[in-house]
There are 2 protein chains.
Amino acid sequence: MCEFVVISDCKLEILIVMCSVRTQQKERTRRNIINAALNQLSADKSFASLSLREVAREAQIAPTSFYRHFKDMEELGLTLIDECGLALRQLMRKARKRFEQGGSVIVTSVDTFMEFTEQNPNIFRLLFHERSGTTFALRTAVAREIQFFIVELSDYLHERGFSRDSSYAQSEAMVAIVFNAGAESLDALSQQRGLIAKRAVTQLRYIASGAKLQHLG
Amino acid sequence: MCEFVVISDCKLEILIVMCSVRTQQKERTRRNIINAALNQLSADKSFASLSLREVAREAQIAPTSFYRHFKDMEELGLTLIDECGLALRQLMRKARKRFEQGGSVIVTSVDTFMEFTEQNPNIFRLLFHERSGTTFALRTAVAREIQFFIVELSDYLHERGFSRDSSYAQSEAMVAIVFNAGAESLDALSQQRGLIAKRAVTQLRYIASGAKLQHLG
DNA sequence: ATATTTGGCGTACAAGTGTACGCTAAAAAG
DNA sequence: CTTTTTAGCGTACACTTGTACGCCAAATAT
């Protein structure tokens with residue numbers, strides 16, 4: 001067992017632990033499991049319909065070895081949601097950079113988001129589906145990820161003079177609409193996607209100008 | 001086998017068919033199956049996680065008898081969605097009557113909808129969850145039910161001077177927000193439900209006044 | 001050098017699944 | 001009355017699932 005001998009050696013110790021053959025290998029098959037799970041998600045296969053054995057099979061380990069990494073499928077699910085949430089947040093940071101160098105905030109954000117759902121449909125599906133899933137822990141985890149968006153946007157609006165309540169109401173509505181558009185585009189033909197995005201922009205503009213009218217005169 | 005002897009006897013014939021002992025009994029167990037399925041839906045059990053055998057057990061029939069009524073679980077699912085959609089549409093007709101005799105359209109609609117989700121959480125869950133489910137046919141069926149709402153509301157707005165595009169964008173956004181609020185309230189404490197409804201009203205007002213500002217001057 | 005920890009495997013089991021097949025009794029048709 | 005139709009049942013089968021248990025070999029600790 002590894003243990004920390006001296007506090008000042010902390011970083012070194014961690015480094016050693018990370019590089020140890022065992023930990024490295026363990027991390028690798030952990031990733032295999034995660035990737036196997038993500039890989040099996042599709043329009044016809046939700047996380048709830050994955051089985052431990054299927055995942056293990058694709059990860060090239062024995063079913064029972066799964067337990068060396070996750071307590072059960074729920075724990076794997078939480079991990080997946082964390083990862084997907086992170087990916088989504090990174091994306092929105094990218095959007096922020098994009099529109100800070102000019103262009104419409106709304107258009108840029110919608111486009112960025114729609115690009116994401118188009119390129120990572122299964123990740124988006126996971127979040128969207130488990131939001132109304134049958135496992136409380138997963139629902140909560142997804143809600144938390146979405147909350148990140150709402151709060152971030154809400155802060156942005158608050159800085160621009162809206163009250164906290166109004167900022168939150170606007171943000172929540174906007175996020176709901178963007179997610180709705182994303183979901184809609186999943187089953188849509190690629191020709192219709194542009195239309196969906198355009199409509200989402202219109203809808204966000206309604207909210208923005210409606211809120212402005214009511215709260216900033 | 002029943003058959004129609006003369007065209008003019010059509011209605012009578014149908015009446016006879018409906019009252020025949022067999023058809024009556026068949027209809028009864030069909031309802032048992034449907035009710036059994038609805039009964040098993042809960043926060044922890046989605047339609048996708050129901051099994052044919054479980055449903056049959058609760059409906060008090062042998063597993064194989066299920067096939068006398070539905071080709072498979074998917075067909076049962078479609079039936080459930082039809083029923084739930086119908087219930088929801090009836091509800092909104094009630095809302096219409098309510099606000100035609102005075103009161104805010106938005107507040108009345110939101111309140112009616114939130115009442116519904118509170119009193120029939122499982123019906124709402126079914127629609128909401130299968131909207132992003134793994135069965136294309138079910139997703140489509142739910143989308144169609146939601147479309148009813150959007151189109152109805154859209155017509156209402158079109159009559160009031162908005163262009164077709166603007167009406168549709170507004171309606172879609174409003175429905176998305178109301179559904180979002182409904183979903184949010186499912187896991188919320190009953191104390192928070194009022195707040196959620198109030199926020200939804202605010203959000204709908206933003207859309208309404210934003211659209212008005214941009215399209216009606 | 002010796003002892004311990006641990007990631008991974010194979011076996012085994014009980015429980016559940018969908019559904020094919022053939023039978024029966026009662027209702028409907030002739 | 002006789003024949004046909006059919007809702008429902010019981011049996012049976014081939015799968016799949018989660019997971020308990022014990023073993024092994026290699027990495028790590030002592």
Side-chain angles (χ1 to χ4, degrees), chain A residues 1-6 9 12-34 36-37 40 44-77 134-135, chain B residues 1-6 9 12-37 40 44-77 79 134-135:
Chain A
M1 175 66 82
C2 283
E3 57 181 43
F4 301 92
V5 189
V6 193
D9 283 349
L12 180 61
E13 190 66 32
I14 288 174
L15 199 71
I16 292 168
V17 170
M18 297 304 286
C19 292
S20 103
V21 177
R22 256 214 200 123
T23 340
Q24 214 172 358
Q25 176 56 29
K26 180 164 187 179
E27 191 54 36
R28 200 177 308 149
T29 85
R30 189 185 141 95
R31 276 244 62 87
N32 284 347
I33 294 175
I34 293 175
Q40 301 203 349
D44 311 306
K45 197 123 197 163
S46 72
F47 176 76
S49 64
L50 291 187
S51 79
L52 186 152
R53 287 177 107 107
E54 270 179 313
V55 173
R57 211 175 302 136
E58 176 146 347
Q60 311 227 51
I61 56 170
T64 47
S65 299
F66 179 93
Y67 296 108
R68 301 288 185 198
H69 303 271
F70 301 97
K71 203 189 101 210
D72 50 24
M73 284 297 281
E74 179 176 320
E75 199 170 290
L76 172 59
T134 52
T135 322
Chain B
M1 174 65 85
C2 282
E3 58 180 43
F4 302 93
V5 188
V6 194
D9 283 350
L12 179 62
E13 191 65 34
I14 288 174
L15 200 70
I16 291 169
V17 170
M18 297 304 284
C19 290
S20 101
V21 176
R22 258 219 197 117
T23 338
Q24 216 172 358
Q25 175 57 27
K26 180 163 187 182
E27 191 54 35
R28 201 178 306 149
T29 85
R30 189 186 140 96
R31 276 244 63 86
N32 284 348
I33 294 175
I34 293 174
N35 290 336
Q40 301 202 350
D44 310 308
K45 196 125 197 161
S46 71
F47 177 76
S49 64
L50 292 187
S51 80
L52 185 152
R53 286 178 107 106
E54 270 178 313
V55 172
R57 210 175 302 134
E58 177 146 345
Q60 310 226 53
I61 57 170
T64 47
S65 300
F66 179 93
Y67 297 108
R68 301 288 184 197
H69 303 268
F70 300 98
K71 202 187 102 210
D72 50 24
M73 284 297 281
E74 179 176 319
E75 198 169 292
L76 173 58
T79 307
T134 51
T135 321

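The side chain of V21(A) lies closest to dA27(D), out of dA27(D), dG8(D), dG8(C).
For F70(A) and dG7(C), the CZ to C1' distance is 14 Å, given to the nearest whole Å. The interatomic distance linking F66(A) (CZ) with dT17(D) (P) rounds to 13 Å, in whole Å. Distance H69(A) NE2 to dT19(D) C1': 16 Å, rounded to the nearest Å. L76(B) has its CG atom 13 Å from the P atom of dT19(C), to the nearest Å. R30(A) has its CZ atom 17 Å from the C1' atom of dG8(C), to the nearest Å. The CD atom of Q60(B) sits 12 Å away from the P atom of dG8(D) (whole-angstrom rounding). Nucleotide dA7(D) holds its P atom 14 Å from the CD atom of Q24(B), rounded to whole Å. At whole-Å resolution of the value, NZ in K71(B) and C1' in dT19(C) are 14 Å apart.
Each of K26(B) and D72(A) has a nearest nucleotide on DNA chain D; the 5'-most of these lies closest to K26(B).
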Polar atom pairs (N or O), protein with nucleotides 22-26 of chain C, under 3.5 Å:
residue, atom, partner, partner atom, Å
dA26(C), N3, R22(B), NH2, 3.3

Between the protein and nucleotides 15-18 of chain C, which nitrogen or oxygen pairs come in under 3.5 angstrom?
residue, atom, partner, partner atom, Å
dT17(C), OP1, S51(B), OG, 2.7
dT17(C), OP2, R57(B), NH2, 3.2
dG18(C), OP1, L52(B), N, 2.9
dG18(C), OP2, L52(B), N, 3.4
dG18(C), OP2, R53(B), N, 3.2
dG18(C), N7, R53(B), NH1, 2.4
dG18(C), O6, R53(B), NH1, 3.0

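K45(B) pairs by the side-chain hydrogen bond (donor to acceptor under 3.5 Å, both in side chains) definition with E54(B), not counting sequence neighbours. Applying the salt bridge (charged side-chain N to carboxylate O under 4.0 Å, His left out) test to R57(B) and every residue at least two apart in sequence or in another chain returns nothing. Not a single salt bridge (charged side-chain N to carboxylate O under 4.0 Å, His left out) links E75(B) to another residue, sequence neighbours left out.
Q25(A) and R28(A) are linked by a side-chain donor-acceptor pair at a separation below 3.5 angstrom, with hydrogens and angles left out of the test.
Of all heavy-atom pairs spanning T134(A) and S46(B), the tightest one is CG2-N, 3.2 Å. Between V55(A) and M73(A), the shortest heavy-atom distance links the atoms CG2-CE, 4.2 Å.
Taking 4.0 angstrom as the limit, T29(A) places none of its side-chain polar atoms (N or O) nearer than this to OP1 or OP2 of dG7(C). Look at S65(A) and you won't find any side-chain N or O under 4.0 angstrom from OP1 or OP2 of dG7(C).
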> What's the verdict on side chain to side chain contact (heavy atoms under 4.5 Å, CB included) for N32(B) and I61(B), showing C-alpha distance, side-chain angles and the deciding distance?
Replying inline: CA-CA 9 Å; N32(B) 284 348; I61(B) 57 170; over 6 Å; no

> How far apart are the C-alpha atoms of F66(B) and R53(B), what are their side-chain angles, what is the distance that settles it, and do they pass the side chain to side chain contact (heavy atoms under 4.5 Å, CB included) test?
Replying inline: CA-CA 9 Å; F66(B) 179 93; R53(B) 286 178 107 106; over 6 Å; no

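Sequence neighbours left out, the pairs with a member in residues 59-72 of chain B that pass side chain to side chain donor-acceptor pair (under 3.5 Å) are T29(B)-H69(B).
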